[in-house]
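Presented below is the structure to which this report refers.
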Amino acid sequence: MSIAWQRFHAAALSLARSGSVKERLHRAYRQHLADLDASALPAEVRGDFLALGRALTREKPMRGEDAVAATIRKLSNAEVDDLAGSMIELYGYLSRTNEADANSEHVAPAAAISPTAARVIPLFAEARS
C-alpha cells in the first residue's frame with residue numbers, strides 16, 4: 001500500500017465528511033495532500049497532482065490565512081466541485097493501480113486490510129425465545 005494511496009484515501013474521506021464543500025476541500029488538501037511529494041505518485045498522474053496544487057494555491061493570502069484558504073475563498077462552487085472531483089479521480093487511479101499491484105503480488109487488496117474498512121454493526125439486540 002503506497003503512501004500516496006494512503007494520503008489520497010484520507011483526503012477522500014475528508015471530502016465525504018460534513019461541512020461545506022469549500023471547508024472539506026480545504027481540509028482534504030491541507031491535512032493530507034499539501035505536503036505529499038509528487039515523486040511518490042506514478043508518473044502518469046504527477047502532472048495532474050501538480051496542477052491540482054497550483055490551482056489550490058494560486059491566490060495571495062490575507063493576514064491569518066494560507067494560500068489554500070485564500071484560493072478556495074475566491075473560487076466559485078462549480079470550480080470547487082471540479083477540484084474536488086479531480087482529487088477523487090486521482091484517488092480512483094491510485095486505487096486501481098494499488099489493487100493491481102496487490103493482486104500481482106498475491107496480497108489482499110488494501111480495502112480488505114484497511115482499518116477504516118466498513119464494518120457491520122448490529123443496531124438491535126437479537127430476539128431470544
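We're numbering straight along the sequence, starting at 1.
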Using a 3.5 Å distance criterion without hydrogens, assess whether the side chain of Asp37 forms a donor-acceptor pair with backbone atoms of Ala40.
no
Straight-line distance of Leu25 CG to Ile72 CD1, nearest 0.5 Å:
4.0 Å
Quick check: do Ser20 and Val80 have side-chain heavy atoms less than 4.5 Å from each other?
no
How long is the straight-line distance from CG of Asp82 back to CD of Glu79, given to the nearest 0.5 Å?
7.5 Å
Could you give the distance from CG (Leu36) to CG (Leu52), rounded to the nearest 0.5 Å?
10.5 Å
Taking the side chain from Lys22 and the backbone from Lys74, do they hold a donor-acceptor pair closer than 3.5 Å?
no
Would you say the side chain of Arg54 lies within less than 4.5 Å of the side chain of Leu50, judging by non-hydrogen atoms?
yes
How far apart are the closest heavy atoms of Arg58 and Thr71, and which atoms are they?
N-OG1, 3.2 Å
Trace of the ring-ring contact (aromatic ring centres under 6.0 Å, His included) decision for Phe8 with His32:
CA-CA 7 Å; Phe8 271 91; His32 306 293; over 10 Å; no
Test item: Thr97 and Trp5 side chains (from C-beta on) under 4.5 Å apart, heavy atoms:
no
Might you point out which heavy atoms bring Ala28 and Ala11 nearest each other, and give the distance in Å?
CB-O, 3.5 Å
Do Asp35 and Arg7 come within less than 4.5 Å of each other through their side chains, counting heavy atoms only?
yes
Are the side chain of Arg24 and the backbone N or O of Ser14 linked by a donor-acceptor pair below 3.5 Å?
no
Give the intermediate values and the outcome of side chain to side chain contact (heavy atoms under 4.5 Å, CB included) for residues Asp66 and His26.
CA-CA 10 Å; Asp66 61 15; His26 182 262; 3.4 Å; yes
To the closest 0.5 Å, what do you measure between CD (Glu44) and CZ (Arg46)?
8.5 Å
Closest non-hydrogen atom pair, Gly53 against Tyr29
CA-OH, 3.3 Å
Do the non-hydrogen side-chain atoms of Asp48 and Tyr93 ever get within less than 4.5 Å of each other?
no
Is there a donor-acceptor pair under 3.5 Å between the side chain of Thr57 and the backbone N or O of Ala67?
no
Measure across Leu41 and Ala4 and return the closest heavy-atom pair with its distance rounded to 0.1 Å.
CD2-CB, 3.6 Å
Does a side-chain N-to-carboxylate-O contact under 4.0 Å join Arg73 and Glu65?
yes
